[in-house]
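This report concerns only the one structure given below.
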Amino acid sequence: MKRAVICYTLAAKEDTMWEPANDLEAQRLEKLNRLKQQGVDPYPPRVERTHTIAQAVTEFEAAEQAAGDMEPIPVTICGRMRAHRPQGKSAWGDVEDGTGQVQIWVKLDEVGEAAMDLYKKDVDLFDYVQVSGTMMRTRRGEVTVEANNLTLLAKSLSPLPVVKERKLDDGTIERYGGLTDPETRYRERYADLAVNPDVREVFRTRARTIKAIRDYLDAAGFLEVETPILQPLYGGAAARPFMTHHNQLDQDLYLRISFELYLKRLLVGGFDAVYEIGRDFRNEGVSRKHNPEFTQMEFYKAYIDYTGVMAIVEEMLSTVVQAITGGMTITPEKGTIDFTPPWDRITLRDAIREQSGIDYVDYPDAESLAAVMKEKGVHVTEGATWGRLVDTLLGEFVEPGLIQPTFLLDYPRDISPLAKRKPDDPSHVERFELFIGGLEVGNAFTELNDPIDQEDRFRQIRELYAEGSDEYNPIDEDYLNAMRYGMPPNGGFGMGIDRFVMLLTGRDNIREVLLFPALREKDEG
RNA sequence: GGGGGUGUAGCUCAGUGGAAGAGCAGGGGCCUUUUAAGCCCUUGGCCGGGGGUUCGAAUCCCUCCACCCUCACCA
């Protein structure tokens with residue numbers, strides 16, 4: 001049943017069998033058919049690998065070190081052809097698997113005419129091959145598999161761009177060719193990954209980063225949980241949601257915009273420290289810093305306030321940076337960023353006052369604040385609320401300068417409905433945002449656990465923003481119900497994993513750290 | 001959504017009103033220590049789609065599409 005649906009979808013898109021789009025594909029198809037006629041299966045079901053490429057090289061180098069008299073090391077490796085250097089009755093090539101790359105040397109004497117013909121005539125770049133042979137080192141010092149057998153494992157029908165590399169005298173590697181068109185790279189990420197090893201490295205770093213965060217939180221006693229992605233109500237952030245519908249329940253559902261309200265329900269349930277790493281969905285503009293779905297990490301811990309959160313975040317992220325880079329610093333283009341704790345702490349009010357000369361408490365309503373901002377030449381959105389104006393000041397004057405990890409403290413109450421008031425200043429809440437490299441990467445509160453105050457805040461927000469506006473949030477009665485049973489005092493933190501990975505990998509576009517970033521569907525014609 | 005830019009061979013790019021080009025990849029030939037292998041020969045294009053101006057358009061104009069940058073929007 002499921003299969004039929006899939007076939008139908010594909011058929012609707014493209015109703016005819018694939019045909020070669022150009023000479024290169026036609027030639028490769030011809031080779032494929034020629035091989036089939038010779039009785040060669042171009043996609044055999046079985047392989048006989050004895051070594052990964054990394055294992056083969058390591059084993060050989062260890063043997064070289066160990067003894068003067070070396071036993072020959074027989075290996076069978078598998079991989080994809082990355083370079084092809086035919087040379088009469090012998091031929092060189094480079095084969096790559098997931099562990100590395102090695103040179104192969106195919107000689108007529110060793111492999112015989114059939115395999116030599118296969119290699120020279122019918123094996124193309126990006127074909128998969130299995131090579132049996134003996135490890136050796138060439139005169140120029142390159143570790144090489146001297147082949148005595150070569151078989152095809154999988155034929156490549158569409159050519160990928162060739163990348164050539166040259167090692168310069170100073171040891172740096174100069175690269176030629178490749179796949180650089182961003183549209184093709186994002187649409188056909190498989191091709192991008194196949195030809196660009198540095199792109200593969202970005203996603204390895206991404207995986208290691210997430211693992212390091214998970215390891216830290218697990219070790220610190222947090223419980224990893226999973227909460228609904230499909231939610232009857234959305235909340236925990238100010239963002240427009242995606243909507244969907246469950247047929248049998250006949251119920252509209254939203255894709256979550258944050259994890260917050262469900263994770264804090266779990267504190268009511270008796271878990272003292274929980275976290276979740278997963279996907280959030282926001283139906284908003286796509287940009288260098290925004291993708292409609294993105295990976296978020298949120299944790300909540302009972303019996304700490306936002307200063308306790310800061311301590312955890314400092315330790316967690318510096319530990320992660322250490323695990324990824326081996327040091328405490330990263331060096332993107334904006335200069336060295338040092339994660340050594342403690343990090344800078346400054347109140348939002350002081351930061352804005354220092355950078356813009358505006359003390360927003362002197363302008364307690366939207367009209368007067370908008371007026372003074374216009375005097376300073378700031379673009380002010382028509383009808384913006386006071387809280388939104390403060391946020392504009394932050395984005396305009398403060399954010400770009402926050403290169404070193406910095407906690408920006410104490411936000412106006414009316415843009416932070418889930419945070420607890422400051423005891424000495426009820427107009428502000430105990431909240432911080434974390435900025436690194438000029439990017440907002442995290443957000444945290446001393447979480448509001450007073451159900452009466454929480455309901456009051458929800459109602460104020462609802463009055464402030466009309467239903468249907470971007471900031472509108474439905475009141476989550478069930479969340480209030482949970483809180484009325486008793487929620488421990490707690491601190492919580494949320495962070496955009498993608499943006500943090502951008503910092504660690506030195507990429508300035510979120511699409512560079514997402515395997516399959518959101519793109520508009522391509523319209524034929 | 002506004003502004004700017006890009007779109008030419010499989011890939012990376014030149015060409016800005018007068019016979020569509022280069023390098024790499026591909027095909028043929030020579031070559032048994034090459035590694036951006038080399039040398040000789042060579043195939044390959046609805047110049048993003050559509051419309052217009054012109055004797056003539058890859059090039060100028062209009063329009064549509066996609067991508068990039070930027071602004072707006074965005075806890």
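Below, chains carry the letters A, B, ... as their sequence lines are ordered, and counting in each starts from 1.
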Table of protein N/O atoms under 3.5 Å from nucleotides 4-11 of chain B N/O atoms:
{"unit_1": "B:C11", "atom_1": "O2'", "unit_2": "A:Gly178", "atom_2": "O", "d": "2.3"}

Using side-chain hydrogen bond (donor to acceptor under 3.5 Å, both in side chains) as the criterion, list what pairs up with A:Arg265, not counting sequence neighbours.
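With neighbours one apart ignored, the set is A:Asp476, A:Asp478.
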
Can you list everything that forms a side-chain hydrogen bond (donor to acceptor under 3.5 Å, both in side chains) with A:Asn490? Sequence neighbours excluded, please.
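Partners of A:Asn490 by the side-chain hydrogen bond (donor to acceptor under 3.5 Å, both in side chains) criterion come out as none, since no residue qualifies.
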
Considering just the side-chain nitrogens and oxygens of [X], establish if one lies under 4.0 Å of OP1 or OP2 belonging to [N].
X: A:Arg520; N: B:C67; result: yes
X: A:Lys164; N: B:A25; result: yes
X: A:Asn283; N: B:C74; result: no
X: A:Lys120; N: B:C31; result: no
X: A:Arg388; N: B:A75; result: yes

Enumerate the residue pairs fulfilling ring-ring contact (aromatic ring centres under 6.0 Å, His included) with a member in residues 179-201 of chain A, sequence neighbours excluded, ordered by first and then second residue.
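Listed by first then second residue: nothing to list.
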
Selection: residues 138-147 of chain A, any non-hydrogen atom under 4.0 Å of RNA chain B
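Those residues are A:Thr138, A:Arg139, A:Arg140, A:Glu142.
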
For atom CD of A:Glu174, is the number of surrounding heavy atoms from other residues, nucleotides or ligands below 6.0 Å larger than 12?
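Atom CD in A:Glu174 is packed in, count exceeds 12.
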
Please identify each residue that fulfils salt bridge (Lys or Arg N to Asp or Glu O under 4.0 Å) with A:Arg80, with sequence neighbours left out.
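Salt bridge (Lys or Arg N to Asp or Glu O under 4.0 Å) list for A:Arg80, sorted by chain: empty.
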
I want to confirm an ordering. Mapping A:Gly285 and A:Ser90 to their closest nucleotides on RNA chain B, which one lands closer to the 5' end?
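With A:Gly285 and A:Ser90 compared, the 5'-side residue is A:Ser90.
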
Can you work out whether A:His290 or A:Lys31 has the more 5'-proximal nearest nucleotide on RNA chain B?
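Residue closer to the 5' terminus by nearest nucleotide: A:Lys31.
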
Counting only Watson-Crick or G-U wobble pairs whose two distances fall under 3.5 Å, which nucleotide matches B:C67?
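Base-paired to B:G5.
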
Measure distances between side-chain N and O atoms of A:Arg85 and base N and O atoms of B:A37, and say whether any donor-acceptor pair falls under 3.5 Å.
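Check fails, no donor-acceptor contact within cut-off.
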
Would you check, one step at a time, whether the test ring-ring contact (aromatic ring centres under 6.0 Å, His included) holds for A:His428 with A:Tyr306?
CA-CA 14 Å; A:His428 283 69; A:Tyr306 76 151; over 10 Å; no

With a 4.0 Å cut-off on heavy atoms, is A:Arg511 in touch with a base, just the backbone sugar-phosphate, or nothing at all?
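Sugar-phosphate contact only - A:Arg511 comes under 4.0 Å of backbone atoms but never of a base.
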
